[in-house]
Structure formats: structure tokens, C-alpha cells
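Inspection log for the structure reproduced underneath, given as C-alpha cells.
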Amino acid sequence: MIQIEEKGNSMNRLAPSILSADFSRLGEQVSLIEKAGAHIIHVDVMDGHFVPNISFGATVMKSLYGKTTLPFDVHLMIENPDQYMEEFVTDNTEFITVHTEACPHLHRSIQHIKSLGVKAGVSLNPATPVSVLETIIEDLDLVLIMSVNPGFGGQKFIPFSLDKIKTLKNMKDKRNPKLEIEIDGGINLDNIKTVTDAGVEIVVAGSSVFGAPDIKKRVKEL
Ligand code: DX5
Ligand code: ZN
């Protein structure tokens with residue numbers, strides 16, 4: 001697994017989501033965002049059950065192996081993630097994130113991710129309150145706040161997500177300062193500063209990066 005230098009949460013990182021990339025030129029576009037200064041590759045895995053869309057699986061992610069040195073941030077929007085998570089462990093994998101709504105045994109799933117030697121993340125759908133993490137917050141490396149209903153790129157940021165970031169930041173400061181907070185959905189040039197000011201360290205951006213007329217320029221702007 002990739003050795004990530006401890007950055008003490010002092011640096012924000014940009015994680016373009018390849019869901020919005022041109023799949024026929026995936027390797028090329030990933031090299032482009034890497035050269036432009038992106039920090040992480042966000043990998044959106046959808047199964048058509050947990051979310052109403054199918055994206056791609058581990059084979060597509062692994063095709064990028066050797067084409068980039070950027071860490072992979074695997075966002076599993078699938079039912080029964082425990083059955084598949086091992087397939088997503090590569091030398092580039094930094095995080096595997098599961099949805100609390102898909103994990104009846106969340107503690108076990110988190111331990112499972114850690115046993116694979118990668119960092120463990122939990123994602124919350126917009127309607128799921130931060131309070132569901134009360135008992136487990138100390139065990140987590142990452143919390144991903146969904147600021148759109150998962151399933152599709154290009155949706156609009158849901159404003160109450162900002163309150164959830166603030167609540168989570170509070171919990172983090174008190175109970176797990178090393179936790180990283182990630183936001184995913186509807187992030188663009190207009191709202192990126194608001195979310196990082198509220199405490200977000202990792203920003204996912206799909207359509208605002210890959211839908212831009214000049215991808216390289218957009219990565220730098222964000
Ligand atoms: C949504 C995915 C997101 C999405 C972000 O289900 O988890 O990562 O691709 O796309 P934008 O930035 O376009 O909202
Ligand atoms: Zn995502």
C-alpha cells in the first residue's frame with residue numbers, strides 16, 4: 001500500500017472523480033489531472049442496487065495502475081461492500097470508504113478495511129445525520145459527507161451539508177483530530193472555499209473538473 005506522508009491535516013487535497021471522465025481516454029485524463037496538480041483520484045463504484053446507477057468495478061480502477069502515482073480514494077456505493085473491498089486494494093489505494101446505510105455491521109466493516117492495510121472511511125448520505133458516527137468516530141480515518149444524493153455526477157450541492165460539516169468538525173476536534181473530512185457532490189469554483197473554511201480537507205470534484213473546457217486550468221483553479 002502506498003505510504004502517505006502524514007500531513008497533519010494542514011493541507012487540503014483535491015480529488016477529481018473519474019466518474020465524469022471520458023472513459024475512452026481514461027489513462028490520458030488521469031495523467032492530465034496528475035500533471036495539473038490534483039492530489040488524489042476519487043473512484044466512484046456503483047452497483048445499480050445501493051444507488052440507481054452502475055459505474056465500473058475494480059478492473060477499470062486497476063487499469064490505471066502504473067499510469068499514475070496518485071493515491072486512489074475508493075468510494076463504494078454498493079450493497080454488501082465487505083464482499084468486494086479486497087479487490088480494490090492496490091499499491092495506490094489510500095482509502096476505502098463504505099456507506100453507513102449499506103453496512104448493518106459498520107464496526108466489522110471498518111475493521112475489515114483496516115485489516116487490508118488501507119485507511120478506513122465512512123460515507124453519509126444527505127439524509128443521514130452525523131450523530132450516527134458517535135460510537136465509531138475514533139475508529140475512522142475519513143468521513144465522506146455526501147452533498148448530493150449518490151448515484152450521479154453533475155448534481156447541485158445540498159446547502160444543509162454545510163451544517164453537517166460543521167457538526168462533524170466539532171466531533172473531530174474533540175474526539176479524533178487526525179480524522180479527515182471529505183465532501184462529495186456539487187463542488188465548484190463558487191462553493192469550494194466555503195466548504196474548506198468549514199473544515200473539509202479532501203474535496204471531490206467530478207463534473208466541474210472533467211466538464212471544464214480546459215481540465216488542467218480547472219484543476220489549478222480549484
Ligand atoms: C456521486 C459521486 C460523486 C460524483 C461527484 O454519487 O459519489 O463522486 O461523481 O460529481 P460532481 O462533482 O459532478 O457532483
Ligand atoms: Zn464519490
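The shown structure was predicted, so the numbers you read here are calculated from the model rather than taken from an experiment. Counting starts at 1 for both ligands and their atoms, in listed order.
Between K67 and E34, no side-chain nitrogen of the basic residue sits less than 4.0 Å from a carboxylate oxygen of the acidic one, so the salt-bridge criterion is not met. Ion pair K169/E201 not flagged as a salt bridge, since none of the NZ, NE, NH1 or NH2 atoms sits closer than 4.0 Å to an Asp/Glu carboxylate oxygen.
Residues Y65 and D91 have side chains that bring a donor and an acceptor to within less than 3.5 angstrom of each other. Between the side chains of D22 and S24, at least one donor N or O sits under 3.5 Å from an acceptor N or O. In summary, the side chains of H42 and D44 do present a donor paired with an acceptor at a separation below 3.5 Å, with no hydrogens or angles considered.
Protein N/O/S atoms closer than 2.8 Å to the Zn ion (ligand 2), listed by chain and residue number, are H42 NE2, D44 OD1, H75 ND1, D184 OD2.
Both V130 and F157 are part of a single hydrophobic cluster, where members link through side-chain heavy atoms under 4.5 Å apart. V45 and F152 fall into different hydrophobic clusters, where Ile, Leu, Val, Met, Phe, Trp and Tyr side chains are chained together by heavy-atom contacts under 4.5 Å. Residues L140 and M146 are members of separate hydrophobic clusters, defined by side-chain heavy-atom contacts under 4.5 angstrom among Ile, Leu, Val, Met, Phe, Trp and Tyr.
Protein residues having at least one heavy atom under 4.0 Å from any atom of ligand 1 are S17, L19, H42, D44, M46, H75, M77, M146, P150, G151, F152, G153, G154, D184, G185, G186, V204, A205, G206, S207, listed by chain and number.
Taking the six-membered ring where the residue is Trp, F56 and F23 present perpendicular rings, their angle passing 60° and hence far from 30°.
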